[in-house]
*Asks:* 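Right, I'll just put the structure down here and ask away after.
Numbers restart at 1 for each chain; the letters A, B, ... are given by sequence-line order, proteins then strands.
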Amino acid sequence: MTVATEAAPLSQAERDRAKTRRWRKALPALAGLGVTAFVIALWHVASTSGWVSPVFLPPPASILSAFLRLFHTGYVDSTLLQHIGASLWRVFSALFFSVLVGVPAGLLIATSPTGRGVLDPIVEFLRPLPPLAYLPLVIIWFGIGETSKVLVIALSMAPAIIISTAAGVRSASKSQVNAARAFGATPLQLLTHVLLPAAVPSILTGIRIALGAGWTTLVAAELVAAGRGLGYMIQSAAQFLVTDVVIAGILVISAIAFAFEALLRFIERRYVPWSRNQ
Amino acid sequence: MTVATEAAPLSQAERDRAKTRRWRKALPALAGLGVTAFVIALWHVASTSGWVSPVFLPPPASILSAFLRLFHTGYVDSTLLQHIGASLWRVFSALFFSVLVGVPAGLLIATSPTGRGVLDPIVEFLRPLPPLAYLPLVIIWFGIGETSKVLVIALSMAPAIIISTAAGVRSASKSQVNAARAFGATPLQLLTHVLLPAAVPSILTGIRIALGAGWTTLVAAELVAAGRGLGYMIQSAAQFLVTDVVIAGILVISAIAFAFEALLRFIERRYVPWSRNQ
Amino acid sequence: VDLRIGWQPIVEPSRVPQADGTYEQATGATVTWNRFEGGADVVAAIASGSIDIGYVGSSPLTVAVSQQLPIETIFVVGNIAEAEALAVKGVTTPEELAGKKIATPFVSTAHYSLLTALKHWGVDAGSVEILNLRPPEIAAAWERGDIDGAYVWDPVLTQIKSTGGTVLADSADVAEWGGPTFDAWIVRKEYAEANPDVVEAFVKVTGDAYAAYLADPEAWNAESAEAGKIAELSGANAADVPLLLKGYVFPSLEQQASADFLGGGTTEAIAATAAFLVEQGRISAALPDYSGAVTTKFVEAAIGQ
Amino acid sequence: MSELRLNAVSFVYEGARTNVLDRVTLGIGKGDFVVVLGQSGSGKTSLLNLAAGFLEPNHGRIILDGKDVTGPSAERAVVFQDDALFAWSNARDNVAFPLKLRGVSRDERNASADALLADVGLGGQGDKKIWELSGGMRQRVGIARALAAEPEFLLMDEPLGALDAMTRDQMQELLLTVWSRSGTGALLITHSVEEALFLATRVVVLAANPGRIALTQDFEFGRRFLAGENARALKSEPAFVAAREELIAAIHRPDYEVAA
Amino acid sequence: MSELRLNAVSFVYEGARTNVLDRVTLGIGKGDFVVVLGQSGSGKTSLLNLAAGFLEPNHGRIILDGKDVTGPSAERAVVFQDDALFAWSNARDNVAFPLKLRGVSRDERNASADALLADVGLGGQGDKKIWELSGGMRQRVGIARALAAEPEFLLMDEPLGALDAMTRDQMQELLLTVWSRSGTGALLITHSVEEALFLATRVVVLAANPGRIALTQDFEFGRRFLAGENARALKSEPAFVAAREELIAAIHRPDYEVAA
Ligand SMILES: Nc1ncnc2c1ncn2[C@@H]1O[C@H](COP(=O)(O)OP(=O)(O)OP(=O)(O)O)[C@@H](O)[C@H]1O
Ligand SMILES: Nc1ncnc2c1ncn2[C@@H]1O[C@H](COP(=O)(O)OP(=O)(O)OP(=O)(O)O)[C@@H](O)[C@H]1O
Ligand SMILES: NCCS(=O)(=O)O
Ligand SMILES: [Mg+2]
Ligand SMILES: [Mg+2]
């Protein structure tokens, strides 16, 4: 027998409590907005009062106008949207390939001693390589086309994904792994049905870190014969001390990264709620 | 009453089993060595048979001699050890500061809604910033001294540490947190006695990822007015197509990174064994 | 006093007094040497007050002045001559450049020279595929056959020439066509006003080094002590140093003061560069007058010593 | 006298449709030993989590000494259904944890922890890491940890479920002794009706779906044991046996059954 | 007939000084229902983990149908002391897991899983996420999952420890029914001597430190229940009561006590 429970009228205390709760929920967003506003105000004062030369820190207003200019007329032969398109394509191709390679590599490292023996030295060797130093080798082997650019970005993303995947796989509890094996899971099934799901939150964290790394590498990658792209745009502007374009470009990168970060967090909350509920 | 158990003589099957186990333990290392040897052999063939011009990929032997030369006479005014010293100093100062700032930031983000509201936008804004793009701005604000270099490296390291710390804190189980609170832990005690220990494995993973990022950023950081350092050395050699020095420098970076990776893993096994035993 | 110098690893005579510590002795200042890989960073460092005297090419110099940074040119290192050139493969006349891939480091003096040359030849810059690559990457792309040519400097230029590249034009030609490029030492005005004697001593030492080289260029051969010092500081091969030194036309102190250089030519060259950069859409506006960014004061004082 | 009171408390998990607890009123005074019985899933753990302050009621109030409870605090120590030990330290450090929070010196707290470990039958095992303990050992470390806190109220969620009969008897006696000596108020959840009768000053039976109090009854067996009567004898007393049958029936009254 | 055999098995955890198990010999045939009793920490879970193939013996052999066991496999399903459910899926998917491994179609395995959930008293709760289940519910999901595997051997580590008396009785009856119907060999660890007597065809008492077999005895109560006798009546039979006293004494024989 299920007894239905009608909602009793709320007491004053209960209403107060609900109010506090609503407040508490809104607080982070408010604080965030407050800080952002404060930073912009400080920036405005700094750049207009002459603390910092406007050549190096143009006031927020001129960033806005640079932004509009970029949008309508563009810079270095392309509009802002074209630059964004080129860079997005590169970063997400790179993400695609680094997930494609990094997740299996991480799984292998975490599960197979031989896999670890073979892959670990390779990964650990590649990980600290400075893109600025190996660009000539990349060009020799992969030319000056998109391949090289995507490769450079992917190389900067893969380690975070590999390491996070491996760490995530190891986070599956011993008894969960034992359970699966006792129910006759083949190594492959163990991987797909237990280790991989257990690693998903960690892989998502890895992707978040990797995307950050990818954006920072974009500029280095676009040193390679790019004719378009946010990194290329920023690079060119920086050389000519067109600081408003530099800052506008940086802000665009941040905004895009922000949007994808939000998306990833949404995915995390929506699809791996268990990672927060254990 | 404790009954002592004398070791019974081992049967043949048991001895076989022990042998297999020893083999299994050695396998990863052997596989790793095998792969390394294979790569070096391939490289040797590639560079001596003319597949790749030795200007871009000198044979292993000439890397070795470059290495000796670097060690004894040096390059661009400093010996290899001096370059290594300067870079190590920068990378580890940066690590120091990024841990100093990143761990508390990660803790705050994971524990306080307001902290998250304030810090999250800042971190998410800084994270994708390309060092090559903001280098001129850093110079403007912080000059060309060590501060700028360490700052650039630290900025590339901090995000991994912050994100990993926050993820680690969230990995403390609800009941562990509840337990601590029910025993009267102040928020600070909760942090130091529960959340921080629970986050340690994740923080170590973060440091591993961060160190990788730090080494790759080193070269960019040493683009600016460095007089010494591995990145500086590589950069200078690249300008003059002294590829053997470039590759020797890259290998030195890899070797150092490798050594610290090994150290961190040792620390992980030694001091946070529980992360593998749950 | 302190003197903070931003230098670039370019093969030129002042590397020798730099290696010998002559600047320290002559200026009586505590000298700090900061190495930069490109003019843009030098400009940023000067603007931030991190360095007092810096070495830049004519493009970054023009950009800095156009942005009204308080700097002035105190010494012209020299006009770039054979040191930078357009080397190509499978192209014999400028017209054939259309549709070809030519690489150059953007914003550099080479980039400026390439565009000036194309304009001179009447080749539409839009019809040539101009790629932004740094010198080492240019070498790699050339090796692979990804590019048909490059406007670049040594040692990559030599590397290209030795693997089938022919020179279509060099910066000496471009200078004749009205687009001279040069490298120069610049100083923060504020510093120059406060320490005129230090700046003067700096110019004197640099001038002396140039004089020593110009007196007998052949003496600075691959085995010479000078070549050794230059190689050690810059990272170049000692064997390549004599050739690299020939890539510039180094003016003596007297020539510096003349109308060809600081006395007038330099100002014109900066103005021309600025006009060109505006045309290319890289900077928004040129100044009406660039004479404030050039001074003969220090070379004249050095000559008088 | 100090009292922990649930006043017409209703609770529903976010997103769930039916209340887990429906207007539950329950007082635990110091010196009381309240034992909660109820079917699996009837809401016992939820009730304890509310009393501990880990959950907030949707309706009603939780009051400690006249003040609304807004979260957990040191005067209410908890033994968890899943042990909730700290994996990164050994058994001794886990037990010493509440003392560490209070700033007790290392030597002192280690001595107390070792004594408590001995009390729960784990003497000399303080150096064992958590993952080196068996299930029953972990439960006992959890109990020792809660006792170390010397709380005013001791909230325990099936603390003896993974113990063999004799160890369980010993632990029951330990709990009774500590409780009477320290004048703590105790709330214990169990599935063993015998255990409930032996320990409780009051037994509460929770009916399921929504969880509500179906029966409250006071008992004296624990006090009589403390006064020196024989445990075995007490447990075979007709009153004890009758009460047991009654409670078992109450727990499983068909109209309280979990809805399918 | 198929048999899972431990042959003079000794085991010591890496780094530990004393053996956890010392020359334990035990056979579980199909159709056997072996119940292991023993003090907390005596090595019961370790024994089960060895039989399951999660641990390797240091001495002795574990043999299934004449072959050495080298790891876990599908014919030995396990119910864990900590539930070991998959946090990322709901109750139904957890139960359906072994079927999924075997490639059973989604509809079919969901139907089986729902039926099994109903068998363990969790009908209609298949959509609940693991963290939305109470402790006792989780245990039952773990049992349902093991039953779904339809194994030749069913290894269970205190599977009914967190259940109220009636649910526990129902689960015992379920286990007996499934066991006899499918001809499985069962190994069950419990702390309830009554449970042991009611379920077992053979009871094994493990003495502690090092773990070794102190007593083995065969019983018929479960078979008699299946044959139609009344459970209550069986449990109050003098033979049952006497056996219970005997086993309790055996578990706690002082010379087997855990060394301090
Ligand atoms: N991973 C491990 N490493 C070291 N020692 C261990 C480990 N697991 C268990 N032990 C030790 O082995 C002994 C037996 O443990 P086991 O878990 O088998 O006991 P148990 O009989 O199942 O006890 P319980 O009834 O409390 O579950 C204990 O003394 C325990 O401390
Ligand atoms: N985090 C949660 N989210 C949603 N529902 C939950 C949650 N925790 C418990 N429930 C539900 O609340 C009800 C009561 O759970 P609770 O854990 O309080 O039961 P219990 O009486 O302690 O049971 P047991 O004896 O099995 O431990 C159950 O139906 C359960 O499914
Ligand atoms: N050759 C001059 C280099 S730069 O200062 O123009 O970058
Ligand atoms: Mg419960
Ligand atoms: Mg056990």
Side-chain angles (χ1 to χ4, degrees), chain A residues 24 27-32 35-36 52 56-57 113-114 116-118 120-122 124-125 127-134 136-137 140 156 159-160 163-164 167 170 173-174 205 208-209 211-213 215-220 231 234-235 238 246 249-250 253-254 257-258 261 275-278, chain B residues 24 27-32 35-36 52 56-57 113-114 116-118 120-122 124-125 127-134 136-137 140 156 159-160 163-164 167 170 173-174 205 208-209 211-213 215-220 223 231 234-235 238 246 249-250 253-254 257-258 261 276-278:
Chain A
R24 235 189 279 153
L27 195 60
L30 287 178
V35 169
T36 312
V52 193
F56 301 104
L57 189 66
T114 316
R116 183 160 54 81
V118 173
D120 219 34
I122 298 179
E124 290 310 316
F125 170 73
R127 226 146 68 71
L129 287 198
L132 286 179
Y134 63 71
L137 287 177
I140 280 285
S156 77
I163 294 185
S164 301
R170 293 199 192 98
S173 77
K174 251 189 204 167
T205 303
R208 287 169 52 201
I209 296 178
L211 267 178
W215 286 110
T216 66
T217 318
L218 181 70
V219 177
I234 292 173
Q235 189 80 16
V246 173
I250 287 180
I253 288 184
S254 266
F258 225 100
E261 174 75 16
S275 70
R276 294 186 175 235
N277 276 293
Q278 49 192 358
Chain B
R24 236 189 280 155
L27 195 60
L30 287 177
V35 169
T36 312
V52 192
F56 300 101
L57 191 66
T114 317
R116 182 158 54 82
V118 173
D120 219 34
I122 299 179
E124 290 311 316
F125 170 73
R127 224 144 72 70
L129 289 198
L132 285 177
Y134 63 72
L137 295 179
I140 300 293
S156 76
I163 294 185
S164 301
R170 293 201 193 96
S173 77
K174 250 190 204 169
T205 302
R208 286 168 53 200
I209 296 178
L211 267 177
W215 286 109
T216 66
T217 317
L218 180 71
V219 176
L223 276 178
I234 291 174
Q235 193 77 21
V246 173
I250 288 180
I253 288 184
S254 266
F258 225 100
E261 173 75 15
R276 298 188 171 232
N277 275 293
Q278 50 192 359

*Asks:* Non-hydrogen atoms of chain B under 4.5 Å away: do they reach the side chain of A:Val246, the backbone, both or neither?
*Replies:* side chain
*Asks:* Residues in side-chain contact (heavy atoms from CB on, under 4.5 Å) with B:Ser164, at least two apart?
*Replies:* A:Ile209, B:Ser202
*Asks:* So which part of A:Phe125 gets closer than 4.5 Å to some heavy atom of chain B, the side chain, the backbone, both or neither?
*Replies:* both
*Asks:* Need one label for A:Pro159: side chain, backbone, both or neither, based on atoms under 4.5 Å from any heavy atom in chain B.
*Replies:* neither
*Asks:* Minimum heavy-atom separation for B:Arg127 to A:Glu261, with atom names?
*Replies:* NH2-OE1, 2.7 Å
*Asks:* What part of B:Ala213 lies closer than 4.5 angstrom to a heavy atom of chain A: side chain, backbone, both or neither?
*Replies:* neither
*Asks:* Which bit of B:Ile122 is near chain A, if near means a heavy-atom gap under 4.5 Å: side chain, backbone, both or neither?
*Replies:* side chain
*Asks:* For chain A, find which of B:Leu129, B:Thr217, B:Thr114 contributes the most heavy-atom pairs closer than 4.5 angstrom.
*Replies:* B:Leu129
*Asks:* Between chain B and each of A:Thr36, A:Val118, A:Ile234, A:Thr205, count heavy-atom pairs under 4.5 Å; write down the option with the most.
*Replies:* A:Val118
*Asks:* My understanding is that only residues two or more places apart in sequence, or in another chain, count here; which of them pass side-chain contact (heavy atoms from CB on, under 4.5 Å) with B:Pro130?
*Replies:* A:Val219, A:Ile253, B:Ala133
*Asks:* Do B:Pro128 and A:Phe258 come close enough that some side-chain heavy atom pair is under 4.5 Å?
*Replies:* no
